[in-house]
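Following: one structure in structure tokens, then a few remarks.
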There are 2 protein chains.
Amino acid sequence: MNKEQKRISTPEILFQKMLNRIQSGEWKIGNAIPSERILMVEFGTSRLAIREALSMLRALGVLETNQGQGSIIRNLDTEIIGRLFPLLFSLEGDKTLEHIYQVRLAIESTTASMAALNRNENDLKNIKKTLQLLRTQIETDIEASIKTDLEFHIQIARATHNPLFPLLLETIASFVSYVQILSCKDNPQKKHKAMVYHESIFEAIQNQDSERARSEMESHLRSSANRMIKTGIII
Amino acid sequence: MNKEQKRISTPEILFQKMLNRIQSGEWKIGNAIPSERILMVEFGTSRLAIREALSMLRALGVLETNQGQGSIIRNLDTEIIGRLFPLLFSLEGDKTLEHIYQVRLAIESTTASMAALNRNENDLKNIKKTLQLLRTQIETDIEASIKTDLEFHIQIARATHNPLFPLLLETIASFVSYVQILSCKDNPQKKHKAMVYHESIFEAIQNQDSERARSEMESHLRSSANRMIKTGIII
DNA sequence: ATTTCAAAATTGGTAAGACCAGTTGGTGAA
DNA sequence: TTCACCAACTGGTCTTACCAATTTTGAAAT
């Protein structure tokens, strides 16, 4: 029983038309698009429909709007993927701590290795700075050090010069940070151990030793994963 | 000179709030959300703002709306993400492609290895069936074989028994399926080569040889990534 | 009592008009 | 010339009204 074609609403049509204009180059990236009032007469529709279509473009990250100025077309990079990842992950059930760590292991053993090959001096400087911050925080402010720890890993991901890796990592990590806080407290021995790993990873990346970077990262993650899973803390 | 915080518009806020409701499970997938009139009083805002927020959700594919019925929360299928791909072509089309392949490599070299260790007989049966289907399709129906190819990779990801891997892979892969269709046409030699890799990967998983599974998968992906990037196919 | 079917109520879709809130640029005063 | 202020843009929001599709209701016919 073939249902009728679903009526396509006006904003939907406008959305498609605008998308076409962008793809065809009629609306160039970086340039401003006509004002809502103008679009209104141009498309022969109400402002409401225009605004809803623009909202859709905004939701996708193709459009950036500022009051008083207008809207400009943005270059839609891989950021959109990052925007959708959290949604995908939260809607799908069944995340155990172990699952998350397996993914993290897959991602980070690669980022460590790639970072060792692709890092430039600036990357190195950033990672080093974060590492130093971590070194002091780990003795004083546990909660802050968790954040810095994540930042350290993200810095490494950035050094791959593939924007997807930091995005992915942030998404994944948002699921575990809570646990880390509970786990790391009052465990000076473990803290020290983690710090040693961090230093080793940094060294390997500095020396562009991709294999060692990968294996140190693996050991680091495995050890912290084990610790947490053993303590039985589930998110 | 720190710019003021950009004013966040009402629809934007509503969008976030609604997203939270979805993620928190207050609005369940498959269920209808309250009508626009009700949301209007609930959030204490005008219907316009509500509608713009709903438009954003629609644009992301999390909401499906039908006149006279209302709106229901959709499970965000990874397919919709693939639809966005044509948007991220502009300047960095090939670079984006490369980035995606790097992530795929990170994920799949791990899934192959893990699958070799964790697969059970049922997994094996599924993979084998898909592989056989692929063998026949690759001679006859290219388009279908692209889908089956992806299915093969996802089967492997499933065999890790970590649900995050297939999810991740689907997301990533949905971006490239477009390209593959264009790329694989009329290239019997490459098709054969890909098939050989597939067989090898399967063998390794069957024999629970995790190291070989990893390396075969790596070679496979590298070779197909190279092919596509070299041919310079941009959508 | 059950079935049927048309009217009513409910849902989203669209329009028009008014006004608020930032930004820009021009114009007049210092 | 320089500075301050005031239009005239821009998007942001609300109200009201009405259209269109669907579902629900309830009364009439069986």
Side-chain angles (χ1 to χ4, degrees), chain A residues 1-19 21-22 26-74, chain B residues 1-19 21-22 26-74:
Chain A
M1 224 47 78
N2 201 339
K3 255 299 201 42
E4 282 282 351
Q5 288 285 349
K6 191 167 35 178
R7 291 253 170 316
I8 312 166
S9 69
T10 309
E12 206 82 34
I13 294 174
L14 292 179
F15 172 68
Q16 289 299 337
K17 283 187 180 175
M18 292 178 183
L19 230 41
R21 292 200 177 187
I22 295 171
E26 189 175 345
W27 286 356
K28 288 195 177 48
I29 292 175
N31 287 16
I33 66 174
S35 76
E36 296 182 355
R37 266 88 169 177
I38 293 179
L39 291 175
M40 197 172 136
V41 303
E42 186 171 341
F43 286 105
T45 175
S46 78
R47 194 163 159 225
L48 170 62
I50 299 288
R51 281 189 64 80
E52 287 193 26
L54 295 181
S55 288
M56 296 173 87
L57 292 174
R58 261 192 298 271
L60 295 183
V62 216
L63 201 66
E64 189 177 328
T65 299
N66 286 307
Q67 192 174 145
Q69 293 173 288
S71 299
I72 62 172
I73 304 289
R74 282 188 24 170
Chain B
M1 224 40 80
N2 201 339
K3 253 303 200 44
E4 283 281 352
Q5 289 284 349
K6 191 165 34 175
R7 291 252 169 317
I8 311 167
S9 69
T10 309
E12 206 83 32
I13 294 174
L14 292 179
F15 172 69
Q16 289 298 336
K17 283 186 179 174
M18 293 178 183
L19 228 42
R21 292 201 177 186
I22 294 171
E26 187 175 345
W27 287 355
K28 288 193 178 51
I29 293 177
N31 287 18
I33 65 173
S35 74
E36 297 182 355
R37 266 92 169 175
I38 293 179
L39 290 176
M40 196 172 137
V41 303
E42 186 172 339
F43 286 106
T45 175
S46 77
R47 194 163 157 227
L48 171 61
I50 299 287
R51 282 189 63 81
E52 287 193 26
L54 295 181
S55 288
M56 295 173 87
L57 292 174
R58 262 192 297 272
L60 293 183
V62 283
L63 200 67
E64 188 177 328
T65 299
N66 286 307
Q67 192 174 150
Q69 294 173 290
S71 298
I72 62 172
I73 305 289
R74 278 185 28 168

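This structure is a prediction, so every number in the text was calculated from the model and none was measured. In the text below, chain A, chain B and the rest are named by the order of the sequence lines, each starting its count at 1.
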Strictly under 4.0 angstrom, non-hydrogen atoms only: write out the protein contact profile of nucleotides 5-18 of chain D, one letter per nucleotide from the 5' end, B, S or -. -----BBBBB--BB
Expressed in angstrom and rounded to an integer, what is the separation of A/Ile13 atom CD1 from C/dG13 atom P? 12 Å
Nearest-Å distance for atom pair CG/C1', residues B/Leu39 and C/dG12: 12 Å
Nearest 0.5 Å, what's the [atom1]-[atom2] distance between [X] and [Y]?
{"X": "B/Glu26", "Y": "B/Ile73", "atom1": "CD", "atom2": "CD1", "answer": "10.5 Å"}
{"X": "A/Gln16", "Y": "A/Met56", "atom1": "CD", "atom2": "CE", "answer": "8.0 Å"}
{"X": "A/Met18", "Y": "A/Leu39", "atom1": "CE", "atom2": "CG", "answer": "5.0 Å"}

Pick one: which of B/Glu12, B/Arg51, B/Glu52 meets side chain to side chain donor-acceptor pair (under 3.5 Å) with A/Ser55? B/Glu52
Shortest non-hydrogen contact from A/Arg74 to A/Ile29? C-CG2, 4.1 Å
